[in-house]
2 protein chains.
Amino acid sequence: MNGAAPAASDIIHGAFVRLNALAPLDQTAMSALNAAVARARTVSARTEFQTEGEVAPRVTLILNGWAARTRVMEDGRRQIINFLLPGDLIFTQAADQLAVANLTAVTDLVICDGPDPDVSPSLAAAYTTSRYIEKSFLYGQVSRLGRLTAQERVADVLLELLERHEMAGLAQAGKFAIPVTQEMLADAVGLTPVHVNRVLQSARQAGMLTWKGGMIELHGWSTLRRKCGHQRLRASSFYRGDRSSHSNGHERAESPTP
Amino acid sequence: MNGAAPAASDIIHGAFVRLNALAPLDQTAMSALNAAVARARTVSARTEFQTEGEVAPRVTLILNGWAARTRVMEDGRRQIINFLLPGDLIFTQAADQLAVANLTAVTDLVICDGPDPDVSPSLAAAYTTSRYIEKSFLYGQVSRLGRLTAQERVADVLLELLERHEMAGLAQAGKFAIPVTQEMLADAVGLTPVHVNRVLQSARQAGMLTWKGGMIELHGWSTLRRKCGHQRLRASSFYRGDRSSHSNGHERAESPTP
DNA sequence: CGTTCTATTGAAAGACCTCAACCAGGGTGG
DNA sequence: CCACCCTGGTTGAGGTCTTTCAATAGAACG
């Protein structure tokens with residue numbers, strides 16, 4: 001009992017912070033959640049706990065650890081669709097439909113069934129917000145893969161992960177635990193591990209980040225956002241004015257911060 | 001009156017076929033739909049009808065034409081997240097939340113509000129299936145951008161579009177109307193227009209497709225699927241039924257085609 | 001019929017990948 | 001306690017794929 005083993009409530013703290021950030025949870029929601037947590041189960045690292053094509057449970061809540069939603073091709077190429085962090089919810093549209101991707105534990109994982117949203121409007125609201133945010137990040141992933149350079153992609157995922165950890169109170173001052181290998185990161189951003197390594201090296205040398213012992217720290221990340229396409233993915237019109245300067249709409253013009 | 005102007009019921013026929021494929025619609029659903037169609041509105045080609053960051057309507061149904069969900073970066077780079085075809089539904093999580101992408105009409109578009117799913121269980125089922133399928137295709141888009149080569153990406157989107165047109169009865173023998181420019185296609189698959197052109201040229205010369213006058217025909221597309229990573233990326237069946245040949249569709253085994 | 005958009009093609013540059021070797025740390029077994 | 005192995009990170013060299021730049025042709029449009 002020297003403090004090495006945190007209490008259960010500590011382990012799931014991030015998940016609760018995150019859920020509460022989605023929508024302030026009332027007493028009913030909290031007790032439903034606690035009941036669900038009491039039936040939590042664990043998945044050991046690197047284990048696939050849902051396979052594409054199999055029947056999936058309705059709602060699953062990540063209590064602790066990282067998971068990854070993936071697709072794998074016959075020839076072995078693998079794509080990580082997105083990462084799932086504490087407080088993230090995994091929804092299935094209908095009970096009789098098949099999973100459209102695999103779910104793999106990145107770390108040892110603690111998960112439970114998501115409580116029935118009907119028990120509390122605040123819980124239903126949290127679920128709704130969760131879906132909404134996930135959709136937005138998914139669109140971000142598409143844009144990242146489709147239109148960002150390698151450097152930008154890496155910076156952009158890392159910023160997304162920081163953002164999400166902040167939501168769960170799991171980051172302080174741009175620093176959070178990142179339990180993925182460079183190979184996994186590569187599968188997430190559509191690059192090879194070798195090239196991810198090079199990108200990270202140059203980012204390190206540019207003083208943009210520190211990554212050591214499973215902890216990453218992003219330096220000057222508010223500047224990073226501006227430079228590396230994270231915040232840039234916002235609105236603007238499609239066909240209106242902005243076809244003037246750039247004839248086809250995607251040169252890599254680096255707008256040097258004035 | 002030489003037949004150039006089809007009746008309204010013809011125009012929206014594809015959308016109805018598609019909806020009915022999602023879930024067989026009962027009489028109540030059909031009359032709710034007809035009521036919604038009566039209040040249809042049009043959007044002219046190349047017009048943005050929803051902007052990221054603005055308040056979005058709850059459910060919108062595409063009755064005719066193509067639309068595109070996009071994100072645009074400050075420097076003009078543009079990514080088409082996905083295409084929206086007749087019978088596709090555009091959902092918003094909650095009325096008070098902001099759109100997370102732009103919606104632009106690719107062609108002249110006929111849309112209407114989606115009827116309240118509470119009026120008919122069959123309609124609700126159709127909505128659910130729609131969300132489910134869209135999610136699967138979205139994961140497909142991520143995998144496409146992240147892990148396919150240029151040739152494969154182009155073949156893969158075209159196969160997806162064919163598949164979706166078939167669902168709406170809008171394709172015959174691998175042939176359907178494709179009202180996009182090569183530039184749009186490039187924005188969808190994360191390539192430059194120039195390279196899309198080259199890929200199309202070589203596909204033409206390989207006898208894989210014919211694209212002329214807004215109509216495309218994919219030749220030997222069942223072979224194409226095997227060769228270009230289409231089938232590999234997704235569970236082909238939505239429900240339990242046809243899981244005969246492929247056990248789960250993604251072992252990591254390296255099976256080099258002999 | 002000019003104007004504008006779209007498709008097409010060539011040449012050269014650049015980004016990213018592949019292959020391959022080497023290193024560092026951590027666990028394991030002798 | 002140390003040699004060994006295995007995984008994951010690092011680095012170099014060379015090749016391939018995709019982009020960029022640029023110029024031309026065809027089609028659509030008013």
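Order of the sequence lines sets the chain letters (A, B, ...), proteins ahead of strands, with each chain counted from 1.
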Novice: Quick one: does Asn64(A)'s side chain have a donor or acceptor within less than 3.5 Å of a partner on Ile12(A)'s backbone?
Specialist: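 No; zero donor-acceptor contacts below 3.5 Å.
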
Novice: What is the minimum heavy-atom distance between Ala40(A) and Cys112(A), and which atoms define it?
Specialist: CA-CB, 3.9 Å

Novice: Check whether any side-chain nitrogen or oxygen of Arg77(A) sits under 4.0 Å from OP1 or OP2 of dC17(C), and answer yes or no.
Specialist: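 For dC17(C), neither OP1 nor OP2 has a side-chain N or O of Arg77(A) closer than 4.0 Å.
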
Novice: How many whole angstroms separate atom NZ of Lys212(B) from atom P of dT8(C)?
Specialist: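 About 11 Å, once rounded to whole Å.
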
Novice: Counting only N and O atoms by type, is there a donor-acceptor contact under 3.5 Å from the side chain of Gln141(A) to the main-chain atoms of Ile80(A)?
Specialist: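 Confirmed, Gln141(A) side chain pairs with Ile80(A) backbone.
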
Novice: If you assign Gln205(A) and Thr149(B) each to the DNA chain D nucleotide with the nearest heavy atom, which residue ends up on the more 5' nucleotide?
Specialist: Gln205(A)

Novice: State, to 0.1 Å, how close Lys175(A) and Leu162(A) come at their nearest heavy-atom pair, and which atoms those are.
Specialist: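 It is N-CD1, 4.4 Å.
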
Novice: Tell me: CG of Leu191(B) to P of dC17(D), nearest whole Å?
Specialist: 14 Å

Novice: Of the options dT8(C), dT11(D), dT6(C), whose atoms approach the side-chain atoms of Asn197(B) most closely?
Specialist: dT8(C)

Novice: Mind listing the N/O atom pairs, protein and nucleotides 18-24 of chain C, below 3.5 Å?
Specialist:
unit_1  : atom_1 : unit_2    : atom_2 : d
dT18(C) : O4     : Arg198(A) : NH2    : 3.1

Novice: Could you give the CG-to-C1' distance, from Leu185(A) to dT7(D), as a whole number of Å?
Specialist: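 That distance rounds to 17 Å.
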
Novice: Report which part of the nucleic acid Arg46(A) touches: base, sugar-phosphate, or nothing (heavy-atom distance under 4.0 Å, all strands).
Specialist: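 Touches sugar-phosphate only.
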
Novice: Which atom names give the shortest non-hydrogen contact between Ala150(A) and His195(A), and what distance separates them?
Specialist: CB-CE1, 3.5 Å

Novice: If you check every side-chain atom of Gln182(B), which of dT8(C), dT10(D), dG8(D) has the closest atom?
Specialist: dT8(C)

Novice: Locate the shortest heavy-atom distance separating Glu163(B) from Phe137(B); write the atom from each residue and the value.
Specialist: OE2-CZ, 4.0 Å

Novice: Whole angstrom is fine here: how far is it from CD in Gln201(B) over to P in dC17(D)?
Specialist: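 From Gln201(B) CD to dC17(D) P: 18 Å.
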
Novice: Under 4.0 Å, counting only non-hydrogen atoms across every strand here, what does Gly190(B) touch: a base, just sugar-phosphate, or nothing?
Specialist: sugar-phosphate

Novice: For the pair made of CD in Glu183(B) and P in dA27(D), what is the distance, rounded to whole Å?
Specialist: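 The answer, rounded to whole Å, is 19 Å.
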
Novice: Show the nearest heavy-atom pair for residues Val180(A) and Trp211(A), with the distance to one decimal.
Specialist: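 Residues Val180(A) and Trp211(A), closest heavy atoms: O-CZ2, 3.5 Å.
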
Novice: Can you tell me how far C1' of dA15(C) sits from CG of Leu148(A), to the nearest Å?
Specialist: 14 Å

